[in-house]
There are 2 protein chains.
Amino acid sequence: MPGTPQRSPRKAKGAGPERREEILAAALRLFGQFGLYGVSTRQIAQAVGVSQPTLYAYFASKDEIAAELHARAFRELEARLRVGVRDADTREAVAAGLRIYLDFGLENPDAYRVAFMIEGPHGRVAVAGPVDESDVSVPGHTAFDILRRMIADLHRRGLGAGDDPERMAQSVWAGMHGLVSLLIARPGFPWAEREALVAGHVRMLADMAMRRD
Amino acid sequence: MPGTPQRSPRKAKGAGPERREEILAAALRLFGQFGLYGVSTRQIAQAVGVSQPTLYAYFASKDEIAAELHARAFRELEARLRVGVRDADTREAVAAGLRIYLDFGLENPDAYRVAFMIEGPHGRVAVAGPVDESDVSVPGHTAFDILRRMIADLHRRGLGAGDDPERMAQSVWAGMHGLVSLLIARPGFPWAEREALVAGHVRMLADMAMRRD
DNA sequence: ACGATTACCGATCATTGATCACTTATCACT
DNA sequence: AGTGATAAGTGATCAATGATCGGTAATCGT
C-alpha cells in the first residue's frame, strides 16, 4: 500500500484560497462603502466575478464574511498595539500608545466600520473589546487588554491618576472609540483640523490617565 | 351655502394618531432589543395588532419609522440639555451638564441605539450631531451646539483649557458618545461599577475642558 | 483514458420591504 | 332608517434578498 495519503485532486481555474481572499477584499470594500446591510451577496459575487452561490462554498453565510473581516481587523489592531505599545512612563509615551489605536481606525475606516461599528446579526454592536465575552479573563488576547496593562503599569510605577486603574482604562478606551467612530461615521461634520483634533484628544486622554504633577 | 367646512368622516376603531404612537412604541422596543435589521415590518405589525400593510398607512417606509424615532430621541435629548445645562462656571457644573447627556443615553438605551448607533440605510451611522449637515451653522438647534456653547462660555470666562474651544467641544463630545455607546453595546463586558465609572468619566471630561488651577 | 474530486453555476426556496385592489366601518346629511 | 363619501384596514402579490440543491465542467492521480 502507498501508505502516504493520496492528496488533493486540486483546484480548478482561479480557485483555492485566493478566491476566499478576493471575496473578503471585495466585501470589505463594499461593506465599508455601503454598510453591511447596504450590500447584497449578489453584489459581492459580481465584484469578485463569480456567481452568488459560489460565496457559500467559502463562507456559511453573509454574517460569516463580516465575522471574518471583524476577526482580521481585530487581530491587526492587536498586532499593532502589541509592537507599538512600549513601556509607558511619560505622557508622550502613553499618548503614542493611544495614538496607535486611533490611527488604526482612521487609516482603515472600512475595517473599523465593519469590525466595530456595524450592527451585528443579533442587534448587538461590536466594539473593540473581546468578541466572545467568555475570553475576557484570558490575558493578552484582546486589544483592550493591552491598553489595560499599559494603564496598570502606570499605576504600578506610581504615575497613574485616580484610584482604580481598571476604571481608568475603560474611560480612556471609551474616549478613543468615541472619537474614531464619530470621525468615521460623520465625515461631513465640520470637524476641526484632524491632526490637531486627534493629537489634542490623545494628549488629553493621556493626561487623564496620569497623575498631575 | 353652509360656509363652514364639512369636517371629517372621522376615524374607525382604534385608529387615529394613537395607532401611529403604538407603532412607534412597538418599533422602538423591538429595534432596541433586536436591532433595526433584526426586526421585520411584520413583527412590528404583529406587536401592534394590525396587519403589515397597515404600517404603510402611517409611514412611507421602515426607514421612516426609524427616522421618526431618531428625530424624537434627538429632540428629547436637546430638551433635556436645554433645561439642564445652566451657566457652567465650576468643574461640578460642567460635569453635571455632561452627565445629562450620559444619563439620557443610559436611561433610554433603545432610543439611543435607534437614534445614534444603528447603521442607517446608506451605510452611515447616525450620531448625536445634527442630522442634516446643512443646519450645522444654525445655532441652538442641535444637542452638540448646546455643549459647544457651554465650552465656549468657559473660555469666555477664562476658565477653559486649551486654545480652541471648538476642538475641545468635539473631544468632550466624543468622550461622552464613546462611553454611552460602549456601555449600551456591550452589556456583557465586565464594566466597573457603573455609577463610579460614569461619575469618574464626566469628572475627567470636565477636567479636560477646564483650565488647571 | 478513466474515476474521483473539486469548483462552480442555474434554478429555486422562504422571507423581506413595499404596493395594489378590495372590503369594512364610520360619518354627514337627508 | 337610508345613502353616499371618506377613512381604516386587509389579503394577494411583487421584486429583491439570503440561502440551498442538483447538476455540470474542469482538473487531478492513476
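In what follows, chains carry the letters A, B, and so on, assigned in the order in which the sequence lines appear, proteins first and then strands, with residues in each chain numbered from 1.
- Here C:dA18 is the nucleotide among C:dG10, C:dA18, D:dA8 with the atom lying nearest to any side-chain atom of B:Ser61.
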* Pair A:Glu76-A:Arg82, salt bridge (charged side-chain N to carboxylate O under 4.0 Å, His left out): steps then yes or no -> CA-CA 10 Å; A:Glu76 163 73 8; A:Arg82 222 185 301 273; over 6 Å; no
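- Each of C:dC8, D:dG9, D:dT17 was ranked by its minimum atom distance to the side chain of A:Arg42; first place goes to D:dT17.
- Residue A:Leu55 contributes atom CG, which lies 11 Å from atom C1' of D:dA19 at whole-angstrom precision.
- In this structure, the CD1 atom of B:Ile23 is 14 Å from the P atom of C:dG17, given to the nearest Å.
- In this model, the phosphate group of D:dT10 is approached by a side-chain N or O of B:Thr54 to a distance below 4.0 Å at OP1 or OP2.
- Taking the six-membered ring where tryptophan is involved, the planes of A:Phe144 and A:Trp173 are tilted, since the angle between them lies from 30° to 60°.
- Atom CD1 in B:Ile65 sits about 10 Å away from atom P in C:dG17, given to the nearest Å.
- With DNA chain C read from its 5' end, the first of the two nearest nucleotides for A:Val50 and B:Lys62 is the one closest to A:Val50.
- Taking a 6.0 Å sphere around CD of A:Glu193, one finds it holds more than 12 heavy atoms contributed by other residues, nucleotides or ligands.
- For the pair A:Phe34 CZ and D:dT17 P, the interatomic distance rounds to 13 Å; values are reported in whole Å.
- The side chain of A:Gln52 lies closest to D:dA19 when the candidates are D:dA19, D:dA8, C:dA18.
- Computed from coordinates, the B:Arg19 CZ to C:dA25 P distance equals 14 Å when rounded to whole Å.
- Among the protein residues, A:Ser40 comes within range of the sugar-phosphate backbone only, with heavy atoms under 4.0 Å from sugar or phosphate atoms but none that close to a base.
- With rounding to whole Å, B:Ile44 atom CD1 is found 15 Å from C:dT15 atom C1'.
- To the nearest angstrom, P of D:dA8 lies 11 Å from CD of B:Glu18.
- Going from atom CD of A:Glu64 over to atom P of D:dA19 covers 10 Å, rounded to whole Å.
- Residue A:Tyr56 has its side chain nearest to D:dG18 when only C:dG17, D:dG18, C:dC8 are considered.
- Salt bridge present: A:Arg72 and A:Glu21 bring a charged side-chain N and a carboxylate O closer than 4.0 Å.
- For the pair A:Thr41 and D:dT17, the criterion of a side-chain N or O lying under 4.0 Å from OP1 or OP2 is not met.
- Between B:Tyr112 and B:Tyr101, the ring planes lie perpendicular to each other; the angle is over 60°, past the 30° to 60° tilted range.
- Considering only the side chain of B:Tyr58, D:dA8 comes nearest among D:dA19, C:dC9, D:dA8.
- Contact annotation for B:Val48: no contact, since no heavy-atom pair falls under 4.0 Å across all strands.
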